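When a residue number appears, it is its place in the shown sequence, counting from 1. Everything numeric here is computed off the predicted structure, so don't read it as measured data. Computation of the quantities below employed the complete heavy-atom set of this structure, encompassing side-chain atoms and omitting hydrogens, waters and symmetry-equivalent molecules.
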Amino acid sequence: MTTDLQNRQPHIERQSKGRVVLSFDDNRLLAEICGEHDRHLAQIEDRLGIQATPHGNHIVLTGSPGDVTQAERVLTGLYQQVAKGQPIGPDDVDGALRLVGDAPHIVAGKAGNNEVVRTRRRTITPRSPRQARYLKALAETPLVFGVGPAGTGKTYLAVAVAASWLERGLVDRIILSRPAVEAGERLGFLPGDMRDKVDPYLRPLYDALYDCLPAAQVSRGMESGQIEIAPLAFMRGRTLANAFVILDEAQNCSQMQMKMFLTRLGENSRMAITGDPSQVDLPSGVPSGLKQALPLLEGVQDVDIVRFQSEDVVRHPLVARIVEAYEAHEDNARAKSANEC
């Protein structure tokens with residue numbers, strides 16, 4: 001009889017309302033859950049305000065009943081993850097802690113197929129409720145906008161879903177695009193041919209692809225045209241059928257460019273538009289196409305808009321605090337301007 005890794009669970013003994021003992025059948029996996037020098041347990045303790053004490057193949061959780069229950073769900077989910085051969089790190093623990101209150105079905109390893117992305121190189125699970133909603137939207141809706149601050153996973157998750165769809169044969173190709181908007185430098189002064197000039201703008205898309213797919217597969221795909229990475233200007237006049245199409249940094253599209261890009265959507269295609277409306281680099285006086293498109297397309301059938309917030313930032317915790325500081329400054333400036341009027 002083989003162990004069902006999909007549903008691997010620790011044995012749970014509830015000794016009192018605020019004390020639970022989790023017993024694990026594999027000490028090697030338990031060591032991965034605890035982390036080096038028990039740093040993952042310390043992370044859980046700090047976030048939930050409980051005590052997580054390892055003893056042999058047991059972890060004893062003590063604290064308030066609600067917090068102990070959340071810690072139990074986090075550890076159970078992480079155990080299932082490592083049992084499937086998926087390594088975990090502090091970011092995975094942070095993601096499980098973010099989700100435990102709002103989406104416990106995902107933490108417990110019971111997420112629906114549309115909330116988990118599997119590619120040849122890795123399995124990607126959401127690290128916040130909005131990321132879970134975003135993944136579901138990307139799987140089910142032809143046109144999805146993912147907007148919000150840097151570090152929320154908008155582009156990475158869209159590329160991961162596109163890579164998964166390509167591997168599963170749901171689309172014939174991936175098309176990734178960005179507007180080549182200059183921020184202090186001129187393209188014409190950069191050395192090399194056109195590809196050399198635009199590659200720096202498209203590097204984040206390359207990075208996400210190589211993280212999800214083997215390097216050889218990416219190289220072959222780019223040579224054959226199965227994977228295409230191009231500036232937005234190259235999209236004009238095309239119909240993009242049987243493709244997963246992603247437009248990144250969409251806040252730097254003009255209104256005309258955004259309309260042009262949206263109308264490229266062809267048969268059996270998916271389109272993801274990502275951007276941060278607060279980070280527009282367009283020349284003064286040129287309105288952002290993303291800012292115009294969001295209210296225009298809100299509520300339109302087969303269009304979904306997922307708005308990320310600072311609490312969805314999954315980079316270094318300091319990034320979230322930086323985003324919050326800037327948001328507070330902008331809110332104060334708007335309030336001051338309104339009062340003066």
Side-chain angles (χ1 to χ4, degrees), residues 117-122 124 134-135 137-139 141-147 153-182 187 190-254 256-275 281 289-290 293 303:
V117 181
R118 293 177 176 85
T119 67
R120 190 170 301 182
R121 290 201 63 187
R122 62 180 61 245
I124 299 150
Y134 184 52
L135 288 174
L138 288 168
T141 310
L143 174 59
V144 179
F145 287 85
V147 296
K154 307 180 299 295
T155 300
Y156 182 87
L157 292 177
V159 173
V161 172
S164 175
W165 277 49
L166 182 67
E167 287 193 316
R168 292 154 58 197
L170 299 178
V171 293
D172 295 335
R173 54 188 174 148
I174 298 173
I175 299 173
L176 309 174
S177 185
R178 262 188 167 198
V181 172
E182 301 152 4
L187 279 174
L190 295 175
D193 59 18
M194 178 56 72
R195 179 166 180 173
D196 293 329
K197 291 176 186 292
V198 301
D199 267 2
Y201 293 94
L202 305 174
R203 179 52 52 187
L205 300 176
Y206 287 103
D207 292 342
L209 268 178
Y210 282 112
D211 201 43
C212 296
L213 298 174
Q217 183 179 355
V218 175
S219 297
R220 287 195 305 269
M222 295 182 68
E223 290 173 3
S224 67
Q226 192 179 46
I227 298 174
E228 179 181 350
I229 303 180
L232 177 60
F234 290 11
M235 297 296 108
R236 187 173 298 278
R238 302 177 63 183
T239 299
L240 308 176
N242 300 307
F244 203 113
V245 188
I246 300 172
L247 175 61
D248 190 33
E249 296 290 343
Q251 75 275 5
N252 290 327
C253 297
S254 69
M256 184 179 298
Q257 286 175 323
M258 177 60 76
K259 181 180 178 182
M260 177 273 293
F261 188 82
L262 291 172
T263 54
R264 300 307 93 197
L265 187 64
E267 185 178 357
N268 189 40
S269 286
R270 282 287 197 274
M271 185 174 282
I273 313 290
T274 68
D281 296 318
L290 179 62
V303 176

Fill in the blank from the handout: Contacts of Arg220 meeting salt bridge (Lys or Arg N to Asp or Glu O under 4.0 Å) (sequence neighbours excluded), chain-then-number -> none
Practice task
Among Asp207, Thr119, Val161, Leu166, find the residue that satisfies the side-chain contact (heavy atoms from CB on, under 4.5 Å) test when tested with Cys212.
Solution key: Thr119
Fill in the blank from the handout: Those residues at least two apart in sequence (or on a different chain) that pass side chain to side chain contact (heavy atoms under 4.5 Å, CB included) with Leu265 are Ser269, Met271
Handout entry: Where Ala208 and Tyr156 come nearest, the two heavy atoms and their spacing
Key = CB-CD1, 4.1 Å
Handout entry: Spacing of CZ belonging to Phe261 relative to CG belonging to Leu240, to within rounding of 0.5 Å
Key = 6.5 Å
Fill in the blank from the handout: Heavy atoms of Leu209 and Val159 approach each other most closely as N-CG1, 3.8 Å
Fill in the blank from the handout: Residues Gln257 and Asn252: closest non-hydrogen pair is OE1-O, 4.1 Å
Handout entry: Non-hydrogen side-chain atoms of Leu157 and Val117 separated by less than 4.5 Å
Key = no
Practice task
Considering non-hydrogen atoms only, spot the tightest contact between Leu247 and Pro179 and give its length.
Solution key: CD1-CD, 4.1 Å
Completion exercise
Residues Arg264 and Met235: closest non-hydrogen pair is CD-O, 3.3 Å
Under 3.5 Å donor-acceptor pairs involving side-chain atoms of residues 168-177, not counting sequence neighbours:
| from | atom 1 | to | atom 2 | distance (Å) |
| --- | --- | --- | --- | --- |
| Arg168 | NH1 | Ser164 | OG | 3.4 |
| Ser177 | OG | Ala230 | O | 2.9 |
| Ser177 | OG | Leu232 | N | 3.2 |

Problem - With sequence neighbours excluded, residues passing side chain to side chain contact (heavy atoms under 4.5 Å, CB included) with Ala272 - result: Leu138, Ala158, Phe244, Ile246
Handout entry: Where Ala293 and Met258 come nearest, the two heavy atoms and their spacing
Key = CB-CG, 4.0 Å
Practice task
Sorted by first residue and then second, give each side chain to side chain donor-acceptor pair (under 3.5 Å) pair with at least one member in residues 225-243; sequence neighbours left out.
Solution key: Glu228-Arg238, Asn242-Asn268
Exercise for the section: Output every pair passing ring pair (Phe, Tyr, Trp, His ring centres under 6.0 Å) with a member in residues 209-231, not counting sequence neighbours, ordered by first then second residue. Expected result: none
Problem - For Thr274, all residues meeting side-chain hydrogen bond (donor to acceptor under 3.5 Å, both in side chains), sequence neighbours excluded - result: Thr155, Asp248
Exercise for the section: For Arg120, check side-chain hydrogen bond (donor to acceptor under 3.5 Å, both in side chains) against everything at least two apart and list the hits. Expected result: Glu167
Exercise for the section: Flag the pair Arg178 / Pro204 as yes when at least one side-chain heavy-atom distance between them is below 4.5 Å, and no otherwise. Expected result: yes
